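In this text the structure is predicted, and so the values were computed from the model without any measurement. Any value given below was found using the heavy atoms of this structure, including those in side chains, with hydrogens, waters and symmetry copies removed.
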Amino acid sequence: MKDNLVAVPIVLAVLAFFVVNTSVYVLPEWEQAVITQFGRPVGSAVTKAGLHFKLPLIQEVHRVDRRILNWDGAPNQIPTKDKKYIWVDTTARWRIVDPLLFIQTVQTEASAERRLNGILDSATRDTISNQNLVEAVRNSNALLDKIKAKLEEQKRGDFLPGA
């Protein structure tokens, strides 16, 4: 009988620890989270760092990175408009702006990178194949400088449409 009296508080303490441990989560500054209940998002995304609570065993925390992420494409040989082949190694930076939408559409960073592979590789291939070799590998920013000058003209009001 005495053994049962000692075991009851220990079992209750272990059960209480389990409930508290599964209902509390810490969100670091570099992460965002979406809480799902039975696979469906509950509420809005959690973006503030700190200690947060959820329902134990019913709700699940899906964490996504808030930092700028790196995408590195595979080097490819791409033909230019004048039919000369060049090696292109593409890289990009991206980040998750809306974690709720991210979890609903792509779920993981790995699946997002697979989507980026298709989108960025095809966009790179289209851009390079529509330019002559000279334009694709130029070493000046003359085109960018012209665009910047036109934008400054528009801000000053010197720009005339159609000119």
Side-chain angles (χ1 to χ4, degrees), residues 21-22 24-54 57-163:
N21 194 30
T22 58
V24 174
Y25 67 98
V26 177
L27 194 63
E29 292 176 357
W30 61 86
E31 285 185 340
Q32 311 174 77
V34 174
I35 306 298
T36 59
Q37 185 169 321
F38 304 119
R40 292 200 172 115
V42 177
S44 61
V46 181
T47 56
K48 293 195 178 207
L51 187 65
H52 299 278
F53 299 95
K54 65 177 185 73
L57 304 174
I58 296 175
Q59 293 181 339
E60 186 178 344
V61 179
H62 295 274
R63 299 169 187 264
V64 292
D65 211 329
R66 173 184 286 197
R67 299 174 286 195
I68 296 174
L69 303 167
N70 183 33
W71 174 84
D72 193 17
N76 288 325
Q77 246 189 344
I78 301 175
T80 60
K81 188 175 184 180
D82 50 356
K83 305 295 184 224
K84 296 179 183 173
Y85 283 83
I86 60 172
W87 280 97
V88 178
D89 189 7
T90 314
T91 186
R93 304 288 183 263
W94 64 285
R95 69 184 173 122
I96 301 165
V97 177
D98 187 351
L100 182 60
L101 184 63
F102 181 82
I103 292 294
Q104 289 173 335
T105 55
V106 294
Q107 286 95 26
T108 64
E109 287 181 26
S111 61
E113 286 187 6
R114 282 193 299 274
R115 282 194 183 184
L116 284 173
N117 283 338
I119 294 168
L120 294 179
D121 278 342
S122 66
T124 301
R125 186 172 295 281
D126 290 346
T127 302
I128 295 295
S129 62
N130 289 330
Q131 303 293 323
N132 288 326
L133 178 65
V134 174
E135 280 298 310
V137 296
R138 70 175 181 263
N139 61 0
S140 74
N141 288 330
L143 183 62
L144 295 175
D145 292 340
K146 287 180 184 177
I147 292 171
K148 192 182 292 185
K150 283 201 176 202
L151 289 174
E152 288 176 7
E153 287 176 7
Q154 285 178 341
K155 286 181 183 175
R156 287 193 312 259
D158 297 343
F159 179 72
L160 296 174

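Minimum interatomic distance between R115 and T105 (heavy atoms only, all atoms of both residues): NH2-O, 3.8 Å. Across all non-hydrogen atoms, the minimal contact from Y25 to R63 is CB-NH2, 3.8 Å. The shortest heavy-atom contact between D89 and G73 is OD1-O, 3.2 Å. Taking all atoms of both residues into account, the shortest heavy-atom contact from K81 to N130 is CD-O, 3.7 Å. Heavy atoms only, all atoms of each residue included: P79 and R125 are closest at CD-NH1, 4.4 Å. Here the closest heavy-atom approach between residue Q37 and residue Q59 is recorded as OE1-NE2, 3.0 Å.
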- request: Test side-chain contact (heavy atoms from CB on, under 4.5 Å) on V61 and I35 and set out the steps.
  value: CA-CA 5 Å; V61 179; I35 306 298; 3.6 Å; yes
Exercise for the section: Test N70 against R93 for side-chain contact (heavy atoms from CB on, under 4.5 Å), laying out the working first. Expected result: CA-CA 5 Å; N70 183 33; R93 304 288 183 263; 2.4 Å; yes
Report task. Could you walk me through whether V34 and V64 pass side-chain contact (heavy atoms from CB on, under 4.5 Å), step by step? Result -> CA-CA 8 Å; V34 174; V64 292; 5.7 Å; no
* T47 and R66: CA distance, side-chain angles, deciding distance, side-chain contact (heavy atoms from CB on, under 4.5 Å) verdict -> CA-CA 9 Å; T47 56; R66 173 184 286 197; 3.0 Å; yes
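Around atom CD1 of I68, no more than 12 heavy atoms belonging to other residues, nucleotides or ligands sit under 6.0 Å away. Around the CD atom of Q77, the shell of radius 6.0 Å holds more than 12 heavy atoms that belong to other residues, nucleotides or ligands.
For Q32 (side chain) and I96 (main-chain N/O), a donor-acceptor pair under 3.5 Å exists by modelled atom type. Judged by distance alone, the side chain of T91 and the main-chain N or O of W71 form a donor-acceptor pair under 3.5 Å. Looking at N76, its side chain never comes within 3.5 Å of a backbone N or O of I78 through a donor-acceptor pair.
To the nearest 0.5 Å, the span separating NZ on K48 from CG on L51 amounts to 15.0 Å. Considering CZ of F38 and CD1 of I58, their distance stands at 5.0 Å, rounded to 0.5 Å. Atom NZ of K84 sits about 8.5 Å away from atom CG of N132, to the nearest 0.5 Å. Rounded to the nearest 0.5 angstrom, D145 CG and K148 NZ are separated by 6.0 Å. Atom CG of D98 sits about 10.5 Å away from atom CD1 of I103, to the nearest 0.5 Å.
Contact annotation: the side chain of T80 approaches that of I86 to within less than 4.5 Å [non-hydrogen atoms, C-beta and beyond]. Contact annotation: the side chain of E113 never approaches that of L69 to less than 4.5 Å [non-hydrogen atoms, C-beta and beyond].
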